[in-house]
Every structure is written in structure tokens, then in C-alpha cells.
Amino acid sequence: MNSLNAINSIAYYEELAKEDYYQGGGEPPGKWTGSGARTLGLTSQIDTTSYRRVFNGFSPEGEPLCENAGDNHRAGWDLTFSAPKSVSMLWARADEVTRKAIQHAQQKAVEEAFAFVEQHASFTRRGKGGHIQERVTGLIGATFEHSTSRAQDPQLHTHCLIANLAPRADGTWGALESKHFFLWQMASGAIYRSALANGLRELGFEVEAVDGHKHFEVKGVDQGICQFFSKRAEAIRAQMEAMGVSKAASKVGDTITLNSRDYKQTVDRPKLFASWQADMDRLGFTQAEMDKIRHPNLAHLPEPLPLQHILDKLIESQAVFRLQDIYAAVGVEAQFNHVSRLDIEDTVRELLADSDMVSLGKDLSNNQIYTTKAMLAIEQDLLNYADRMHASNHYKLDERTIQHAIHQQGSSKALPCLTSKLRRCFRCVSRVWILFKAVPEQVSPPRCRPCAWPINHKGLPCAGLL
């Protein structure tokens with residue numbers, strides 16, 4: 001639901017913008033956001049001159065603010081926040097008043113996420129070789145709301161450009177260290193979706209969880225409508241299936257997505273709205289149907305976030321997690337509890353102070369990492385179990401079995417190993433602990449096929465090897 005890339009062309013975003021975007025077509029003008037922008041007096045609609053100067057390392061007045069200001073200055077990064085598909089369907093179907101209200105909710109959610117990035121992920125480099133990192137006092141953001149996918153389907157999304165320029169505490173300016181933006185990307189996306197869910201509820205729309213996903217959808221919007229207006233996603237999925245790729249979030253998936261991109265077409269919003277709504281009427285998603293899923297007088301009160309549930313979710317797929325992972329997990333739950341970003345911060349502090357949380361120091365990237373007492377207990381149980389198994393079920397393969405295994409596996413096309421390597425591998429089996437199928441369910445030991453074969457051949461149900 002959000003992506004992060006280096007900016008290739010600052011002209012791309014402003015060229016699509018028009019002030020009278022409903023009547024004159026085009027996308028709406030950009031807006032400045034962030035403490036760094038306010039420091040420079042940039043608080044309203046973006047104008048071309050200031051925009052180009054800032055993203056080239058200058059002040060709005062044209063004074064250089066960093067050492068490499070000019071054509072060789074790295075402009076910054078594009079942090080894009082895309083609304084869930086059902087939100088885009090609502091927006092495309094709505095009357096102009098409701099449409100503007102949804103756009104306002106989108107902009108507010110993006111600004112909440114940007115403030116979160118500003119608070120947690122904004123650092124500059126100093127010193128020889130840039131080895132010293134220090135927090136900056138704010139970021140400069142330029143937001144551009146766009147309305148379509150490259151297939152001209154409704155897709156409400158906002159490009160939030162982060163200028164590679166920020167004020168330091170001593171009044172100087174410097175370029176940014178980008179790795180922190182990537183480390184906090186998932187968490188910032190969760191903060192965005194939580195704020196957007198709040199805004200939609202305040203407009204009378206309910207949201208619901210999606211099985212197997214971390215984002216919400218709007219309750220009552222038929223997924224068949226969403227799929228009809230997802231031509232680009234379907235094209236990418238078809239190409240992935242043809243190439244045998246299962247995950248979009250992979251290097252191959254990223255390459256397919258990039259190579260399948262069409263050039264961005266000129267946007268004529270009035271014509272697009274008319275076309276989209278005609279298709280929706282034909283598919284049964286009329287204005288009357290949209291009115292049925294909206295409840296303007298429905299009251300929504302903040303609900304406490306479930307701490308134990310969040311802790312359980314954190315260790316569901318990983319034994320060790322970072323501070324960024326905690327924020328992301330809390331943000332996912334916050335989508336359905338109508339809480340603010342400050343409530344999310346308070347919840348993270350409560351989790352860090354929880355008696356079940358265990359700090360493990362820092363990883364190689366200097367990120368604070370954690371686990372839970374429950375996870376440590378699982379690991380200790382596994383070690384104790386392995387000790388008991390070693391004491392009572394240690395089995396040594398005889399030479400004849402090893403020779404037979406070498407002959408069988410050495411001739412296998414699936415395992416074209418050298419005999420010497422197989423011999424070392426099988427002899428190693430004589431000194432390992434054998435885990436039988438009585439191993440607890442939460443343990444998934446790796447399985448070495450060459451080593452497992454002789455054990456199974458002897459009639460022992462080997463589940464894996466330690």
C-alpha cells in the first residue's frame with residue numbers, strides 16, 4: 001500500500017497538476033508539508049520556482065543550503081501512499097462533496113504518516129566520510145495527489161516527495177541518510193492506513209479486515225467491482241504466473257512490475273469520472289448502493305489496543321523483531337480501533353514496558369531488537385527436548401547402511417553429489433541428534449535429504465536433523 005523510491009524527475013509530478021482540476025482536467029496542485037518546509041516559509045500550495053530550487057538543494061530564494069546544491073544534487077525520495085482499492089471505488093463513485101471529503105481524509109492520513117517519518121526516520125550524516133549520524137529538526141515534504149493507475153483505473157494515491165535537504169539543530173542544513181526511510185517504510189504505511197480508516201469512519205463508512213492481509217477495505221464495497229478496476233494488477237499477476245513467480249514483493253516481482261509499466265497518460269478527471277461511473281452503474285454499484293453503505297450518524301469511540309494480541313502477532317512469524325516491527329504491528333491493529341497516532345505511540349511505550357518484553361540489544365544495522373519471554377520459553381523447551389532425545393534415542397548408522405546410501409544417492413539425478421561429499425555427509429549422521437516425529441508442532445527442523453534417506457531406510461521416522 002506504500003512504496004519508496006528515489007526521485008527520477010521532479011518535473012513529472014508538477015506537469016500533471018492543474019489548479020482547476022475538476023473542470024480543467026489534470027491532477028490537483030501539490031502541497032508543502034513538514035517542519036522543514038515551514039522553516040523555509042513553505043506552508044501552502046507548491047509553486048514551480050520554489051519547488052525546483054528546494055529539490056535541487058537551494059532555499060526558495062535561491063541560496064545554496066548544502067555543499068552539492070545544483071544539477072548534481074540528489075533530489076530526494078518518493079514515498080507513495082495508495083488507498084485500499086475499495087476506497088478508490090468510493091471516491092470514484094461519490095458526488096463532488098463526498099469526493100472532496102475523501103481526498104481530505106487521504107491528505108490528512110498522508111500528513112500523519114509523514115509526521116511519523118519525520119519523528120522516527122529523519123537523520124543526516126556529518127563528519128569525515130559521513131560516519132556520524134544525527135537527527136534533523138524536520139523534513140521538507142511535497143505532496144501530489146494522483147487519481148489513476150497507469151491503466152487509467154481509479155487509484156487514489158499520493159506521492160509524498162521527501163527533499164534531500166533538512167535543517168540541523170545548530171541551524172545548518174544537510175543531506176539525508178535514506179536507509180532509515182526504508183527501515184520505517186512498513187510502519188509508516190500502517191500509520192497512514194490507521195489515519196485513513198479514522199477519516200473514513202468519520203465520513204460514515206465502516207472498515208473491515210482482509211484475511212491474510214494487513215490493510216483494511218471499506219465494508220459493503222463488492223470485491224468484484226474492485227477487481228474489474230484492477231487491470232494493471234491483473235496484468236502483473238498474469239505475467240508473474242506465466243513466469244512461475246509467486247511473490248510480488250521480490251526482485252523478480254519488482255522487475256515484472258517495472259517492465260510492465262505503461263507511460264503515464266494525460267489525466268482528464270471529468271471524463272474519467274463519467275466513464276468510471278457509467279461502468280459502475282452497469283455493474284450495479286450505483287449512487288443508491290453507495291448511499292446504503294454510508295452511515296453519517298454512526299458514532300465511533302476509541303477502543304484500547306489489545307496488547308497481548310499484538311505481542312502474540314509479533315512472534316507468530318519471527319522470533320526476534322525490531323522497534324519498527326512493533327510500530328507496524330500496533331498500526332495494523334489501530335486501523336480498527338479509531339485511535340490517534342499519539343495513542344499508537346503510547347501503546348508502543350506500554351509494550352516496551354510490558355513484563356513479557358525482552359530487549360536483546362542491537363543488530364548489525366544498529367536497530368534495537370526484542371523478543372518475548374514466551375518465545376524464550378519455547379526455545380528453552382526445544383533445547384530441553386533435544387537433550388532428552390539425545391539421551392534416549394541417539395542412533396548410530398552402521399558402515400553397510402552408509403555405503404548403500406552413497407550408492408543410492410550418488411546415482412540420483414536429483415542429488416548429483418560426489419561420493420566423498422556424501423561419505424562426509426552420512427558419517428556426520430552418526431554424530432547428530434535425530435528428531436523423530438514426536439517433535440512439538442511449533443518446531444520445524446530443516447530436512448537434509450541425503451542424510452534422512454539412510455535413517456528412513458532403517459525404518460526410523462525422521463522429521464529432521466540437528
Side-chain angles (χ1 to χ4, degrees), residues 186 212 214 305-330 332-333 347-402 404-406 408-409 415 417 421-466:
M186 296 295 290
K214 296 181 180 180
L305 288 162
L307 300 185
Q308 188 58 52
H309 176 72
I310 294 171
L311 282 173
D312 293 341
K313 282 288 185 183
L314 281 167
I315 63 171
E316 202 171 68
S317 59
Q318 52 193 2
V320 176
F321 45 87
R322 306 166 304 171
L323 179 62
Q324 295 94 327
D325 300 321
I326 300 175
Y327 272 99
V330 174
V332 168
E333 291 301 319
T347 301
V348 170
R349 281 192 286 270
E350 285 185 60
L351 285 169
L352 292 176
D354 192 282
S355 60
D356 196 37
M357 188 74 77
V358 179
S359 175
L360 299 175
K362 294 188 176 183
D363 62 14
L364 295 177
S365 298
N366 206 37
N367 294 301
Q368 187 68 44
I369 54 175
Y370 303 87
T371 190
T372 66
K373 289 182 179 178
M375 178 53 69
L376 292 178
I378 290 172
E379 292 180 353
Q380 188 59 54
D381 286 345
L382 174 59
L383 290 174
N384 293 340
Y385 195 88
D387 285 341
R388 293 196 301 272
M389 294 299 294
H390 179 56
S392 60
N393 291 290
H394 185 268
Y395 185 84
K396 185 174 181 179
L397 295 174
D398 57 70
E399 184 67 23
R400 182 178 179 181
T401 300
I402 291 175
H404 184 55
I406 290 173
Q408 292 293 324
Q409 298 286 351
L415 294 164
C417 300
K421 290 184 178 180
L422 281 169
R423 183 178 295 277
R424 288 198 300 271
C425 186
F426 289 131
R427 291 197 186 284
C428 183
V429 175
S430 301
R431 298 186 296 275
V432 300
W433 297 344
I434 302 173
L435 295 180
F436 297 93
K437 290 186 177 179
V439 171
E441 290 183 4
Q442 66 264 32
V443 180
S444 299
R447 181 156 179 161
C448 173
R449 283 195 295 166
C451 292
W453 188 90
I455 297 172
N456 288 331
H457 182 68
K458 295 291 290 186
L460 298 174
C462 176
L465 302 171
L466 283 178

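- A 4.5 Å side-chain heavy-atom check between T372 and D354 finds every atom pair outside the cut-off.
- K373 meets the salt bridge (Lys or Arg N to Asp or Glu O under 4.0 Å) test with no other residue; sequence neighbours excluded.
- Under the rule for a side chain to side chain donor-acceptor pair (under 3.5 Å), the partners of Q380 that lie at least two apart in sequence or sit in another chain are N384.
- The distance from atom CG of L383 to atom CD1 of I378, rounded to the nearest 0.5 Å, is 12.5 Å.
- Residue F321 holds its CZ atom at 13.5 Å from CG of N367, rounded to the nearest 0.5 Å.
- Checked by atom type and distance alone, the side chain of T371 pairs as donor or acceptor with a backbone atom of A319 at under 3.5 Å.
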Please output the side-chain donor-acceptor pairs of residues 306-315 that fall under 3.5 Å, not counting sequence neighbours, one pair per line with the distance.
unit_1: Q308; atom_1: NE2; unit_2: D312; atom_2: OD1; d: 3.0
unit_1: H309; atom_1: NE2; unit_2: E333; atom_2: OE2; d: 3.3

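- Annotation: side chain to side chain contact (heavy atoms under 4.5 Å, CB included) contacts of S359 (sequence neighbours excluded): Q368, Y370.
- Taken from CD1 in I326 to OG1 in T347, the straight-line distance is 12.0 Å, to the nearest 0.5 Å.
- A distance of 10.5 Å separates CD of E350 from CG of L352, quoted to the nearest 0.5 Å.
- Every residue meeting the side chain to side chain contact (heavy atoms under 4.5 Å, CB included) condition with I369, not counting sequence neighbours, appears here in chain and number order: V320, R322, L360, D363.
- Crowding of M186 atom CE: a count of heavy atoms from other residues, nucleotides or ligands under 6.0 Å not exceeding 12.
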